[in-house]
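Below is one structure; the comments refer to it alone.
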Amino acid sequence: GHTVLLSHVVLHPDATPSSNCLTLLWNYDEVLSILRSAPRPPVAVFCGHAHLGSGVVDEQAGTHHLTFASPLEVPPDSDACAIVEAFADGTLQIR
């Protein structure tokens, strides 16, 4: 099957706001190594913690790393949520 990983803390340096690495998991390199070596790496990793939205595709594994915005950081009258549709072929649609 296809895997989506949920983490409070960001697991990829370029999925932190402006790639500043301030909200990055302390042993992210070990975790990325495990994910990259999996027979079928996750199709996506969804994180929070950084509060500002950001994202990157891991070039080695093809995994999408998405950091979602916090309700504390979005402009008034806007959303801090997402709907994720997952399809059998591993495709994800996020809106």
Side-chain angles (χ1 to χ4, degrees):
H2 301 285
T3 303
V4 174
L5 180 62
L6 307 176
S7 173
H8 177 76
V9 181
V10 182
L11 303 181
H12 194 292
D14 293 332
T16 60
S18 303
S19 298
N20 64 18
C21 299
L22 294 178
T23 56
L24 193 59
L25 183 69
W26 66 271
N27 64 337
Y28 77 91
D29 51 342
E30 294 175 43
V31 174
L32 283 180
S33 178
I34 292 167
L35 297 178
R36 289 171 176 161
S37 66
R40 292 184 72 168
V43 294
V45 176
F46 298 149
C47 301
H49 192 66
H51 287 216
L52 299 174
S54 185
V56 67
V57 176
D58 182 359
E59 293 178 11
Q60 293 181 36
T63 301
H64 293 262
H65 289 259
L66 301 170
T67 304
F68 291 104
S70 163
L72 300 172
E73 304 290 347
V74 298
D77 299 321
S78 63
D79 292 324
C81 62
I83 297 172
V84 179
E85 293 182 82
F87 300 93
D89 65 356
T91 304
L92 297 175
Q93 183 178 36
I94 303 168
R95 48 187 168 98

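Keep in mind that this is a model prediction, so the values were computed, not measured.
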(message) Tell me whether the count of non-hydrogen atoms from other residues, nucleotides or ligands lying under 6.0 Å of CD in Glu85 goes above 12.
(response) yes
Of Ser18, Pro17, Ser70, the one forming a side-chain contact (heavy atoms from CB on, under 4.5 Å) with Leu52 is Pro17
If I take atom [atom1] from residue [X] and atom [atom2] from residue [Y], how far apart are they, to the nearest 0.5 angstrom?
X     : Y     : atom1 : atom2 : value
Leu5  : His65 : CG    : NE2   : 8.5 Å
Cys47 : Phe68 : SG    : CZ    : 9.0 Å
Leu11 : Thr23 : CG    : OG1   : 10.5 Å
Asp14 : Cys21 : CG    : SG    : 7.0 Å

So does [Y] get a backbone contact from the side chain of [X], meaning a donor-acceptor N/O pair under 3.5 Å?
X     : Y     : value
Thr63 : Pro42 : yes
His2  : Ala88 : yes
Thr67 : Ala15 : yes

Are [X] and [Y] in one and the same hydrophobic cluster, where Ile, Leu, Val, Met, Phe, Trp and Tyr link if side-chain heavy atoms are under 4.5 Å apart?
X     : Y     : value
Ile94 : Leu6  : yes
Leu35 : Trp26 : yes
Tyr28 : Val9  : yes

| Does a side-chain heavy-atom distance below 4.5 Å link Leu92 with Val43? | yes
Looking at side-chain heavy atoms only, is the closest gap between Leu32 and Pro13 below 4.5 Å? yes
Heavy atoms of Pro41 and Arg36 approach each other most closely as CG-O, 4.3 Å
*Return yes if a side-chain donor-acceptor contact under 3.5 Å exists between Asp89 and Thr91, otherwise no.*
yes
**Asked** Where do His12 and Val45 land on the side-chain contact (heavy atoms from CB on, under 4.5 Å) test, with the steps shown first?
**Response** CA-CA 9 Å; His12 194 292; Val45 176; over 6 Å; no
